[in-house]
Protein chains: 2
Amino acid sequence: MDTGPKIAQVAALVGDPARANMLSALMDGRTLTASELAYVSGVAPQTASGHLAKLSDAGLLALEKQGRRRYFRLASPLVARMLEGLMVVAQEGPARQRNLWRGGETLRHARTCYDHMAGRIAVAIADRLVQQSFILLDEDGGQLTDAGRSFFDELGVDLRLASKRRVFCRPCLDWSERRPHLAGAVGAAILRHALDHDWVEHIRDSRALVVTPVGVRGLATTFGIEGAPPTDGRRAGCITVPRLGSGYPG
Amino acid sequence: MDTGPKIAQVAALVGDPARANMLSALMDGRTLTASELAYVSGVAPQTASGHLAKLSDAGLLALEKQGRRRYFRLASPLVARMLEGLMVVAQEGPARQRNLWRGGETLRHARTCYDHMAGRIAVAIADRLVQQSFILLDEDGGQLTDAGRSFFDELGVDLRLASKRRVFCRPCLDWSERRPHLAGAVGAAILRHALDHDWVEHIRDSRALVVTPVGVRGLATTFGIEGAPPTDGRRAGCITVPRLGSGYPG
DNA sequence: GAAATACTACGGTCTTGGCCGAAGTGTTTG
DNA sequence: CAAACACTTCGGCCAAGACCGTAGTATTTC
């Protein structure tokens, strides 16, 4: 039962700040180029190249070549899940200036997690679906009830898009709420539906989502969520995530 | 709000082979001493000491001092979950570790704690003895009543074996149940009685105990405990959400 | 073809941190 | 009390690896 060394290898890979930054940036399922990842991780391209090679060799990242660029993304939802687990523990530390967070509030409210939603809103949705017996969740799996199936049918959410290979429905522990939200094909479908109907919008290039006025109504009628947008007056939380889009040197 | 560095810190902690071995050994919920952890991790005690300090400081391990020993255990189920996530990625396949976790269930049911019993069964025994006024317990001590003395006499438990020097009867906080079970000479006598009468058996070289069919009857008639064998707390389709915040003593 | 772009390979520097021997603290035993 | 035991602290050794400058290899653009 010598699992120790194996998990040490993986953990050591994530244990470098530069690599951890890269993985964090990829958490929402985006694909980024080597240059972009070098920038977000704060190291020179040569250094980043080495890191990316290691991460790819270890099977944490998937690589796609296109012309002179290399696009990287997380190799599988399992990797995202692993990172979520680390985040949960990492957040637990001594209660420092937790409020020092800027824009953290927005992230806590709603964000993407790989390909589904996370944050208060997502947890509330999961709660509602469970409470209504549309979904049955246990520690690491879940399933749709018949009632749930028709609920999503009426909503116009097509769950048949789900590939057979991927997990259909599972809980994903939310690092900000410490309670599960929905991942898997069902979670992805809900996010797609929310984006398609303009319930939520991406903020710039971050993982944060804002709930639109339309979304407030939609969430209320569909899921019974009273969730107003994070703040009223000023812009719902200025995300302080370093700009990815325009900040590249050169 | 950059989560990268934080998860890097945690991951780097797990990223050392010696520390990873320690954490793996604790995955099943056991409590191990510094020496034992030094052994399983394959490093000298001095080195292990440093590792354990780091893991404790980071909040991954919980520490309990007893005498000249230090007992370590995973600080929370969230840590176990994180390790599980790493294992999944590390070994490219379905987590077989499920079995270990099941073993944790066995530990929670009945195990030895030094020289006495711990776990659900032990807590139930203590409850019963207190409820029957056979034993009076307070915060850090306890005493046998006359009724209790004759109860043990009839049972054939010889309490006079107790060395003079050792504590006769005291409560010991059960880490899995978070309620006290019996330690001291009385606790030791109960365990000896249970082993002598084949009520329980040691599992392999672990501290886990299984309750035999004989034991089920014995516990029922003697202590009025309905305790079926390790009830194997299988699914029961329950939501585990509420358990996230609790389950382990802080 | 030449230049710019995106990325990779190599080599040398330098910090980090794991490791253990020796010595020290606190606890139990006899 | 002394000895055994469990663990920690200190100090020096050493290797792993993160980093970047330089110099490459593809690919696209002009």
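Numbers restart at 1 for each chain; the letters A, B, ... are given by sequence-line order, proteins then strands. Since the model is a prediction, treat every value here as computed from it, not as a measurement.
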A.B. asks: Can you tell me if the side-chain N/O atoms of B:Ser49 get under 4.0 Å from OP1 or OP2 in D:dT8?
C.D. replies: yes
A.B. asks: May I ask you to check whether A:Ser49 and A:Gln46 show a side-chain donor-acceptor distance below 3.5 Å?
C.D. replies: no
A.B. asks: What integer distance in Å separates A:Gln46:CD from C:dT5:P?
C.D. replies: 16 Å
A.B. asks: Looking at B:Thr31, B:Leu60, B:Leu23, B:Leu55, which one forms a side-chain contact (heavy atoms from CB on, under 4.5 Å) with B:Leu74?
C.D. replies: B:Leu23
A.B. asks: Determine the contact category for B:Lys65: base if any of its heavy atoms lies under 4.0 Å from a base atom, sugar-phosphate if only primed atoms, P, OP1 or OP2 are that close, otherwise nothing.
C.D. replies: nothing
A.B. asks: Could you check how far CG of A:Leu52 sits from P of C:dC7, rounded to whole Å?
C.D. replies: 9 Å
A.B. asks: What class does the angle between the rings of B:Phe223 and B:Trp199 fall in, given that below 30° is parallel, 30 to 60° is tilted and above 60° is perpendicular?
C.D. replies: perpendicular
A.B. asks: If you compare every side-chain N and O of B:Arg19 against the phosphate oxygens of C:dG18 (OP1, OP2), does one of them come in below 4.0 Å?
C.D. replies: yes
A.B. asks: Quick one: B:Leu37 CG to D:dA6 C1', roughly how many Å, whole number?
C.D. replies: 13 Å
A.B. asks: Roughly how many Å is it from NE2 in A:His51 to C1' in C:dA9, rounded to a whole number?
C.D. replies: 15 Å
A.B. asks: Nearest whole Å is fine: how far is C:dA6 P from A:Leu32 CG?
C.D. replies: 15 Å
A.B. asks: Do B:Thr145 and B:Ile135 have side chains that get closer than 4.5 Å, going by heavy atoms?
C.D. replies: no
A.B. asks: Would you mind reading off the distance between A:Arg69 atom CZ and D:dT28 atom P, rounded to a whole angstrom?
C.D. replies: 10 Å
